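Here the structure is laid out as structure tokens; the discussion comes afterwards.
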Amino acid sequence: MRESLKNFYNYIASDEELFVYIRINAGRWNEKSYLQMKKIVKEVIKDYKNEDCYPKAFVSYFVTNIPSIINILSGFRRCLDEEISEYRTEEMYLSMIAERIKELKNLQLEFMHSLGSLDISGT
């Protein structure tokens with residue numbers, strides 16, 4: 001097993017995994033976890049670029065967790081006082097969240113492109 005995949009498994013098993021963190025902490029954002037997740041999944045994509053398939057847990061993460069995180073973030077309309085102190089204004093916080101949604105969608109596209117040219121027409 002490649003080191004990147006070990007790191008991915010350790011990450012998804014932790015309380016710091018972004019989806020788990022957001023759910024446990026009532027929708028609070030965790031930039032550190034986000035950056036860690038982004039780094040780890042990019043490493044797995046890079047390490048498996050010449051393989052025919054990804055491990056099931058990795059595919060599942062892109063099919064369930066990433067869309068769930070995007071859905072939760074898309075519902076953010078306000079922020080807590082602690083987040084205002086960190087991001088200065090609610091508008092800056094919500095702008096950062098909108099940027100993270102865009103980045104997560106781009107990460108999904110990167111994953112899809114890494115699958116190569118797939119014939120999904122069924123022919």
Side-chain angles (χ1 to χ4, degrees):
M1 180 184 306
R2 293 185 175 107
E3 193 65 30
S4 63
L5 190 59
K6 287 179 189 175
N7 292 338
F8 174 76
Y9 285 136
N10 288 334
Y11 173 75
I12 63 172
S14 76
D15 288 344
E16 291 300 310
E17 188 273 323
L18 187 58
F19 181 59
V20 169
Y21 183 90
I22 290 171
R23 285 182 24 226
I24 289 173
N25 293 286
R28 292 204 56 210
W29 181 248
N30 184 330
E31 185 72 7
K32 180 181 172 191
S33 179
Y34 167 73
L35 294 172
Q36 182 181 10
M37 179 271 297
K38 191 173 166 182
K39 178 180 180 262
I40 289 169
V41 297
K42 284 180 175 274
E43 287 173 356
V44 173
I45 289 171
K46 180 182 169 204
D47 282 351
Y48 283 80
K49 71 180 176 186
N50 295 320
E51 300 294 325
D52 288 335
C53 59
Y54 287 111
K56 288 179 187 179
F58 190 72
V59 174
S60 176
Y61 196 79
F62 276 91
V63 172
T64 58
N65 289 43
I66 299 287
S68 295
I69 293 167
I70 291 170
N71 286 338
I72 292 169
L73 295 180
S74 296
F76 281 17
R77 301 285 180 253
R78 307 206 73 218
C79 64
L80 303 172
D81 288 341
E82 303 97 48
E83 292 160 334
I84 288 176
S85 67
E86 185 176 344
Y87 293 95
R88 291 192 221 143
T89 67
E90 189 167 74
E91 292 78 22
M92 290 177 76
Y93 175 77
L94 294 175
S95 176
M96 180 274 302
I97 293 296
E99 183 62 28
R100 295 304 174 262
I101 291 169
K102 184 175 152 187
E103 290 173 5
L104 286 164
K105 289 179 178 180
N106 286 336
L107 192 59
Q108 284 181 305
L109 286 174
E110 185 177 339
F111 170 71
M112 294 301 290
H113 288 280
S114 76
L115 298 173
S117 151
L118 299 176
D119 179 10
I120 59 172
S121 66
T123 57

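Here the structure is a predicted model, which is why all the values come from computation and not from measurement.
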**Study point:** Met112 and Leu115, any side-chain heavy atoms less than 4.5 Å apart
**Key:** yes

Check your understanding: Do Phe19 and Ile72 come within less than 4.5 Å of each other through their side chains, counting heavy atoms only?
Key -> yes

Check your understanding: Between Phe62 and Gln108, what is the shortest heavy-atom contact and its length?
Key -> O-NE2, 4.0 Å

Check your understanding: Angle class for the Phe111/Tyr54 ring planes (parallel below 30°, perpendicular above 60°, tilted otherwise)?
Key -> tilted

Exercise for review: Look at the rings of Tyr34 and Trp29 and say which category their plane angle falls in: under 30° parallel, 30 to 60° tilted, over 60° perpendicular.
Suggested key: tilted

**Study point:** Where Ala57 and Ile12 come nearest, the two heavy atoms and their spacing
**Key:** CB-CD1, 4.4 Å

Practice item. Measure the NZ-CD distance between Lys38 and Glu103 for me, rounded to the nearest 0.5 Å. Key: 4.0 Å

Practice item. Evaluate whether atom CG of Asn106 has more than 12 neighbouring non-hydrogen atoms of other residues, nucleotides or ligands under 6.0 angstrom away. Key: yes

Check your understanding: Between Ser14 and Tyr21, is any side-chain donor less than 3.5 angstrom from a side-chain acceptor?
Key -> no

Revision key, fill the gap. d(Asn65 CG, Ser60 OG) to nearest 0.5 Å is 6.5 Å

Practice item. Determine whether Leu109 and Ile70 fall in the same hydrophobic cluster, where Ile, Leu, Val, Met, Phe, Trp and Tyr are linked whenever their side-chain heavy atoms lie under 4.5 Å apart. Key: no

Check your understanding: Is it true that a side-chain atom of Ser95 and a backbone atom of Glu91 form a donor plus acceptor pair closer than 3.5 Å?
Key -> no

Review point. Tell me, do Leu104 and Leu73 make a side-chain contact under 4.5 Å, heavy atoms counted?
Key: yes

**Study point:** Inter-residue atom distance Glu3.CD - Asn10.CG, 0.5 Å rounding
**Key:** 8.5 Å

Check your understanding: Between Ile66 and Met37, is any pair of side-chain heavy atoms under 4.5 Å apart?
Key -> yes

Point to revise | OG1 on Thr64 to CD1 on Ile69, rounded to 0.5 Å | key: 9.0 Å

For residues 42-50, which side-chain N or O atoms pair as donor and acceptor with protein atoms under 3.5 Å away, sequence neighbours left out?
| from | atom 1 | to | atom 2 | distance (Å) |
| --- | --- | --- | --- | --- |
| Lys42 | NZ | Glu110 | OE1 | 2.8 |
| Glu43 | OE2 | Lys39 | NZ | 3.2 |
| Asp47 | OD2 | Ser4 | OG | 2.6 |

Review point. Any link between Ile40 and Val20 through a network of hydrophobic side chains (Ile, Leu, Val, Met, Phe, Trp, Tyr) touching at under 4.5 Å?
Key: no

**Study point:** Rounded distance (nearest 0.5 Å) linking atom CG of Asn25 with atom CG of Asn30
**Key:** 8.0 Å

Check your understanding: Phe58 and ring-ring contact (aromatic ring centres under 6.0 Å, His included): which partner among Tyr11, Tyr9, Phe8?
Key -> Phe8

Review point. So which heavy atom on Glu17 is nearest to which on Ser33, and how close?
Key: C-OG, 3.6 Å

